[in-house]
Amino acid sequence: MPEFLEAAIIGVGLGAQYALLALGFTLIFGILGVVNFAHGGFYMLGGYVAYSCVSGLGLPYPLAVLVAVLATAALGWVFELLMIERLIDDHLATLMLTLALYLIISTGVLTVFGPISMEFTFPVGGAFRAGPIYVPRENLIVLAVCLAAIAALYLVLFRTDLGRALRALADDRAVGMALGLRPRLLFPAAFALATGLAGLTGALVTPILSLAPGVGDPVLATSFLTVILGGLGSLGGAALAAFIVGIVEAYTSVYFGGSAGALVLFVMVLLLLVFRPTGLLGRDVRGA
Amino acid sequence: MNQHRALLAAATAICVVCASVPAWAQGCELKIGSMGPMSGGAAQWGLAMDAAANLAAAEANAEGGLKVGDKKCHVTVVAYDSKYTADGAAAGANALAAEGIHFIIGPVGAPEATGIKPVAARNEQIAWNASYAKDALTPRYPLMFHMGPGPGAWADAVIKQALKYFKIQSVALIAPNDQGGTDIVTVDEVAYKDNGIKTSSEYYQRGTTNFAPIITRLLAANPDAVDTASSPPGDAGVIVKQLRLAGFTGPIGRNGGPGTAEILRVCGGIDVLKDFYWYEAQPPNTPEMRAIDEEYKKLLGKDQTFGTSMWSNLPGARMTLRAIEVAGTMDDVQKVAEALRHLPVDDPNMGKGLWSGQKQFGIAQELMFAFGVGIIKGGENLGVTRVEPKL
């Protein structure tokens, strides 16, 4: 019984981390129609920027997280404006561009920081305990940030003019542009929002786990798996799928071992693709 | 006349300059490869391999080059990141062969050793794997050499030393679910059982970043100790961190590749690690070992930061170059391999060792030197005890 409860707690914690990652990934696809292969790179970069701010500049951790968000958002904005925007309708080209960016980021990090894990720990340690059950304080903070991010994204997309404009461009770009919407301003903003989210996740999660070149690799796989499950482009679907993935991974790993966790997830996605190709909450076709 | 004198003076000057430059500058270059995971959780091991190759090359170059027949050759190192995978090592062997490289210092892990063996044999390349695979060497691949023995040779000594400090009646082992994990865990389990300790084991997919669910499963068996076996140091650091967060207070062991410095860095320090016992490839902090680091700094102009694995990889790199000298060729790989097999195991820093492997692999191409067992108790590092090699 303690293991059953503990698995649920771990699953929710994992789900929160995956949701933060998947939201940014699905946002870029939903609005721009671009599969961002550099998403793991922005996660990694967020971690390294926060680490540099804390250990190099001596900034307090919350400020370092903010800098990481701004830095990754700025890089995303510039990259979209200068590279993606020119080839936005060529899916293969954008795929290669984002993959190239990931390689540049990971090689750059390797060159600057070296290959060995950094000494980077979360400033809040310990756990709340009740007998054999424990809830790490750091996981609660990530969960709170995740819920706040989902709420903020919802407000931006559904309660602001910027969100309405972005959704209009996602639905039908030609009509949106005929109505005066300007993709050259709005698309970089959407890209920056998503990469900032990845940077936020990296800055929050890498001190809990570890920070080394290559930490972005599994992030891409997890994000992909989550958004496929939720439905590419669906924010609600990504959030829901993230928690499903986290909980399934936790229960299968606890009851069937670490190898089974990954296997069950991929089988689950495979079955979903066969029986419901649009994912849990996805649409049949992207509008634009 | 003056013109002739000037020409003569110029010719003389050219001859003097030619005579004063190292012989290798006249065109003889020996390229050797270094291979291993140079990024990711096991990067420390691959970089240690590369550092050993570079130091051996720098030593030869500092002597004016490696004497190959009647030439002095400049030794350069080409590194390849094989990413702890079989396909990475196989591709690496081919990539190095494409550059005409027939001597490879590396790779590191069991999957890499499996991947490189047939490819290196086909390419006529001598390679030195440092893996703990059960088939790290086989008579079928006589150009493969082994940096040092696996846990079958030292796990018992590590466990016996740990039992002097910690009460352990049961242990849970955790490692990746590929050959780099399973080959080591099964040997470690035998060593624990031989010491009267009950074992259980858990495996995880390489690339796992959050070990919390696996740790919950692991601790359900209520073990006295947890052994991180051959988990890469980066992974082991996260495992230690999450074990302590889950409330595990028992000793944590490491009957696998060295990496204590990185584990300490990732887990949050010695106060988190608290009680720890581990295999160390070499007993550190002896004058001979410190001399390696000093020489590294002197010849390569930077600190040696790749841990103790670098020390244990150095003899293999040095002996490869020595064998080329003895064979008097860098083209006849079989002749170099034959010379290597007959070299005495006597390293300037590591001291005397043995050619082992006959009993386990059926081929005595494994270097065996003294090794160390480290203990941290109550957050205090009690140091590393030296254990002499024996066949």
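Below, chains carry the letters A, B, ... as their sequence lines are ordered, and counting in each starts from 1.
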Interchain contact, [X] with chain B, by part (heavy-atom threshold 4.5 Å):
X	value
Y251(A)	neither
L110(A)	side chain
I10(A)	side chain
I133(A)	neither
P207(A)	backbone
T121(A)	side chain

Inter-residue atom distance [X].[atom1] - [Y].[atom2], 0.5 Å rounding:
X	Y	atom1	atom2	result
T216(B)	F4(A)	OG1	CZ	13.5 Å
I239(B)	S210(A)	CD1	OG	10.5 Å
D217(A)	K83(B)	CG	NZ	7.5 Å
K241(B)	L209(A)	NZ	CG	6.5 Å
R265(B)	L211(A)	CZ	CG	11.0 Å
T222(A)	N210(B)	OG1	CG	10.5 Å

Notebook entry, point to check: For I116(A), does its backbone N or O pair with a side-chain atom of E262(B) as donor and acceptor, under 3.5 Å?
Noted result: no

Go through the atoms of [X] and report whether side chain, backbone, both or neither lie under 4.5 Å from a heavy atom of chain A.
X	answer
L47(B)	side chain
A246(B)	both
T209(B)	both

Checklist line | pair L14(A)-P213(B): side-chain heavy atoms closer than 4.5 Å | finding: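 Contact flag for L14(A)/P213(B) side chains = yes.
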
Notebook entry, point to check: What residue, out of R129(A), E3(A), M118(A), E249(A), has the most heavy-atom pairs lying under 4.5 Å from chain B?
Noted result: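 Highest number of pairs under 4.5 Å: R129(A).
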
Checklist line | Between S253(A), G214(A), P136(A), the one whose heavy-atom pairs under 4.5 Å with chain B are most numerous | finding: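 Most pairs with chain B among the choices: S253(A).
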
Margin query: Could you walk me through whether E119(A) and L264(B) satisfy the side chain to side chain contact (heavy atoms under 4.5 Å, CB included) test, starting with their C-alpha distance in whole Å, then the side-chain angles of each, then the deciding distance to 0.1 Å, before giving a yes or no?
Written below: CA-CA 9 Å; E119(A) 190 170 350; L264(B) 277 165; over 6 Å; no

Item checked: Heavy atoms of other groups near K198(B) NZ, more than 12 under 6.0 Å -> no

